**Student:** 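Structure below; questions to follow.
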Amino acid sequence: MIALEDILQIDLPAALSAIFVCVTCGLLGNLLVLRRQSLMGDAVAHVVLPGIVVAFLLSGSRSPWIMVLGATISSLVAVFLIECIKRFGRLDAGASMGVVFSILFALGVLLLERAALDNVDLDADCVLYGQLEDILWLEPTTIGSLLTPQVWSQAPREMVTLGVLMILSMGFITLFFKELAITMFDAALAITQGINAGMLRTVSMILIAVAAVASFEAVGSILVIAMFICPAATARMLTDRLRTQFILSGLIGAWTGLAGYALAAFGPMVANRMGLISWDHSLSASGLIAVLGGVQVALAIVLGPRHGVISRRIRTLGLAVQIAREDLLALLYRAEEAGADGLRRRWALETVRVGVGSRMAPRLAMRNALSRGLLNGDTEMISLTTEGRSKARTLVRTHRLWETYLVRELGLRPDHVHRSAEELEHITDTRMHSELDKQPATTDPHGKPIPEVFETPDGAAL
Amino acid sequence: MHVVLAQMGEASWPEIFDIFTFRGGWNSSVALLGTTLLGIAAGLVGTFSLLRKRALMGDALSHATLPGVCVAFIIMVALGGEGRSVPVLLFGAACSGVLGVLTVQAITRWSRIQEDAAIGIVLSVFFGVGVVLLSRIQSMEVGTQGGLSRFIMGQTAGMSRRDAFIMGGAAIVALFFTIVFFKEFRVICFDRPFAQSQGWPVQTLDLVLMGLVVLVTVVGIQAVGMLLIVALLIIPPAAARFWSERLSVVTILSALIGGISGYLGVITSSIWSDMPAGAVIVLASGSIFVFSFVFAPQRGVISGVVNHLRLRTRIACDHVLRLMLEVIEEQRGIDQPEAAVVEASRIVHARSWSPLMLALALGWLRFRGMLDKRGPSLVLTTQGATAAARVTRNHRIWERFLVTHADLAVSHVDRSADMVEHVLSAEMVAQLEQDLALDDPLPPSVHEIGESPAPDDDR
């Protein structure tokens, strides 16, 4: 059994750090994703290396503050260079980023190699992979001890820094929410409202750079990119409102950090106890957090309540069924006009299928129409009920009124209007109806009579 | 990351010469040839990616290869092997790389997440999967996982004959496809709907192009490392782009630059053994890029600045000449303008010039023999008078045109004519003269030539 003390001293600081990183990056990531600058995170991740190495070579110190300063400066330099190349070299954004960050990264690798030769140990791996597992808090021994300030004064530096950063980011976004919102969507408008859009953008970039650099230590550079983009992308698929987007991305970040760490640290152990796998050492926490982030994006893409793939398909199908049902009714009405009592079921289905393009829709529509009492039918033939007939009449009337309108007002030729009317008849609302009704016509351009629609005293159409 | 000579440390000049000409020992020659060919292939293939604005897809691709490599490694070990078989690892890399690219496309197609975010997601999440697998591998009791670190940072040393052959093969394949399908690739880059309407199999061609990128990336990862291979696909074409507007020239140049970068990188690394070859290759191509960015004749920065300055000076000169003529016209009429003397101060105060611009303009006019300075005054030469007449005529014709055809008020036309007077061609002028039925050598101005300063875009 794992000792509580171990959990408090090893897992708690690591998990908290992970959560802090993910919330910070999740919140700030919206500023990148919504501005289509997601790959700026990629660029920053690559240029942090030369920044750190140069800072070290210039100062001779391995103090983390110096490293952060160096990395932040190199990020800002990179952003500046990217803008220069975009503007004066007329290269597209992606290529400019790629050029700048790979040259700077190569420079970093080169300098790192030289630094390594001077018998100095600068660990490039840690920048790539992070070292969540190395954050230790040697004070707390029981849960109760967490309440004493003395324990907190010994909290690990990384955890505290990340916590402060998280609060800073939350504060920044809350305080400047309105300004950020306007600037993100319409910078010109923001400027006319007196908001200094350029300054806001610069401050955002600086905050992002500092957050990125501080997070690299914990989760590694490549994975910071995941945390900048994934929570924001997941939230994007779940909501259309900016405030909800920010809140959701923060929450998703927090949950991902916690769950990812727990899975990585304890998952294999649990699976081993259950006999699923033969080993039980922990996995890379930062990697698993990134994977979890990606999985959530995928789930949101598929299952998102409004914009998810499944939800959209269902809506499309619903629309197709509605159109197929109306087509069916109109088809039967026209058949009655031609003198038939009803139609063969299979033929009707086939004709409507050709019009709607889906195979399922006509069948569902037929079933729906039968159950609603719009159609009478058995296995061979179908025919209209009274109610169905009146609905069909309205549809055909709308269709023929449209044809009249298109020929009269738009000057289209009579043989060109059927197709358009076919589509328009399904989306005509009451206001359009009343406009169409104003036309003094009794036959459509093809000579067919435009059905009258009478209203009974209780308002139902006949 | 080093290509090492027989002896450590610096090499002597004859040895260096040998290295340059592929005679510096088997290892370095093989590495040299292989990497040069890789550079050529990357340059060729990268041109098309760049033109389709898919440059950073290569980054997602290269990062997405990590899980494939790890899975291949784990499977090999589980099957009893040692996990070091390079072709298998490369195959794994290619598979997961392709999967990554397809995932990016799926994300952009099925959701409203934009392409840049999709690339970032694939890049980091796939890499995360790889990192998790790595953490498993590192705890496995298996001999060397050293081969895996090659994939991340790259290593041209110890490049075996087979590796060089693989690179050479990849280069030849890339060359072949580029030459054979050049027309098709070109159309897809610039006008995909047109190609579709012509019935060309654009999907297949897309796949072929993607296949080439995957090929070059996976093969190149060994030499330059995963983090830097994207540089070879982006920087040579971007540098080549500055030198020409023609695709064939850009493609060839890009291949050349890629090859030279590879060549220089390996050579530098073999002479100074503490320089990692991959980084030097990228820095070599980077230097060529910076050089192109600054010095290229049409699209380079210096050329742009020079052109811009030239244009501004020409415009300022035109303004000076017109101003002189208008002053002369007001003083004594436009007969024999060369005889008139104009106070320099009248020119200086008529528009809000910047002193530099005005000095440049006056200097240039005097250099071209259009203007003479006599003490505090200026005099037009014959040549200058002709030029002034032309500009002023343009100005006034355009003003008339605006008044008669565009219904603008006479007080509103000066500004527009101020800009258009410089760019009216002779044919345009002839047409306008016909339109307006003008045959005056210098029509009078439609508005009063006032004393308020003209617009200050001469700064």
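We name chains A, B, ... by the order of the sequence lines, and we start the count at 1 in each one. Remember, it's a predicted structure, so these values are computed and weren't measured experimentally.
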**Student:** Say you draw a straight line from CG of Leu283(A) to CG of Leu134(B); how long is it, rounded to the nearest 0.5 Å?
**Tutor:** 11.0 Å
**Student:** Look at Gly29(A), Ala298(A), Gly89(A) and state which one has the largest set of heavy-atom pairs under 4.5 Å with chain B.
**Tutor:** Gly89(A)
**Student:** Which heavy atom of Ile229(A) sits nearest to which heavy atom of Ala117(B), and what is that distance?
**Tutor:** CG2-O, 3.7 Å
**Student:** For a side chain to side chain contact (heavy atoms under 4.5 Å, CB included) with Asp116(B), tell me which candidate from Arg36(A), Arg35(A), Met40(A) qualifies.
**Tutor:** Arg36(A)
**Student:** Picking from His281(A), Met97(A), Met237(A), which has the most non-hydrogen pairs under 4.5 angstrom with chain B?
**Tutor:** His281(A)
**Student:** Considering all heavy atoms of both residues, which atom of Ala106(A) and which atom of Leu283(B) are nearest to each other, and what is their separation?
**Tutor:** CB-CG, 4.0 Å
**Student:** Atom CD1 of Ile113(B) and atom OG1 of Thr234(A): how far apart are they, to the nearest 0.5 Å?
**Tutor:** 7.0 Å
**Student:** Spell out, as yes or no, whether a donor-acceptor pair under 3.5 Å connects the side chain of Arg90(A) to the backbone of Arg299(B).
**Tutor:** no
**Student:** Show the nearest heavy-atom pair for residues Trp110(B) and Arg312(A), with the distance to one decimal.
**Tutor:** O-NH2, 2.5 Å
**Student:** So which residue, Leu50(B), Val301(B), Leu233(B), Leu123(B), ends up with the most heavy-atom pairs under 4.5 Å with chain A?
**Tutor:** Leu123(B)
**Student:** So which part of Phe228(A) gets closer than 4.5 Å to some heavy atom of chain B, the side chain, the backbone, both or neither?
**Tutor:** neither
**Student:** Can you measure from CG (Leu110(A)) to OG1 (Thr268(B)) and round to the nearest 0.5 angstrom?
**Tutor:** 10.0 Å
**Student:** Using non-hydrogen atoms and a 4.5 Å limit, figure out which bit of Val132(B) sits close to chain A: side chain, backbone, both or neither.
**Tutor:** both
**Student:** When only pairs under 4.5 Å are counted, which of Gly294(A), Ser284(A), Gly108(A) shares the most heavy-atom pairs with chain B?
**Tutor:** Ser284(A)
**Student:** If you round to the nearest 0.5 Å, how far is CZ of Arg52(B) from CG of Asp92(A)?
**Tutor:** 13.0 Å
**Student:** Between Val291(A) and chain B, with a heavy-atom cut-off of 4.5 Å, which part of the residue counts as in contact: side chain, backbone, both or neither?
**Tutor:** both
**Student:** Of the listed residues (Val33(A), Ile289(A), Ile85(A)), which shares the most heavy-atom pairs with chain B below a 4.5 Å separation?
**Tutor:** Ile85(A)
**Student:** Any non-hydrogen side-chain atom of Phe289(B) less than 4.5 Å from a side-chain atom of Leu91(A)?
**Tutor:** yes
**Student:** Heavy-atom count check: over 12 atoms from other residues, nucleotides or ligands less than 6.0 Å from Phe190(B) CZ?
**Tutor:** yes
**Student:** Contact part of Val99(A) toward chain B, heavy-atom cut-off under 4.5 Å: side chain, backbone, both or neither?
**Tutor:** both
**Student:** So for Ala231(B), is it side chain, backbone, both, or neither that comes closer than 4.5 Å to the heavy atoms of chain A?
**Tutor:** both
**Student:** Hey, does His46(A) have a side-chain heavy atom less than 4.5 Å from the side chain of Asp59(B)?
**Tutor:** yes
**Student:** Hey, which of Ile107(B), Ile119(B), Val131(B) has the most heavy atom pairs under 4.5 Å with chain A?
**Tutor:** Val131(B)
**Student:** Among the options Arg112(B), Gln114(B), Glu115(B), pick out the one with the most heavy-atom pairs lying under 4.5 Å from chain A.
**Tutor:** Arg112(B)
**Student:** What closest approach, in Å, do Gly286(B) and Ile103(A) show between heavy atoms, and which atom pair accounts for it?
**Tutor:** CA-CD1, 3.5 Å
**Student:** To the nearest 0.5 Å, what is the distance between CD1 on Ile234(B) and OG on Ser102(A)?
**Tutor:** 6.0 Å
**Student:** Is it true that atom CZ of Arg306(A) has more than 12 heavy atoms of other residues, nucleotides or ligands lying nearer than 6.0 Å?
**Tutor:** no
**Student:** In Å and rounded to the nearest 0.5 Å, what is the CD1 to OG distance from Ile225(A) to Ser124(B)?
**Tutor:** 6.0 Å
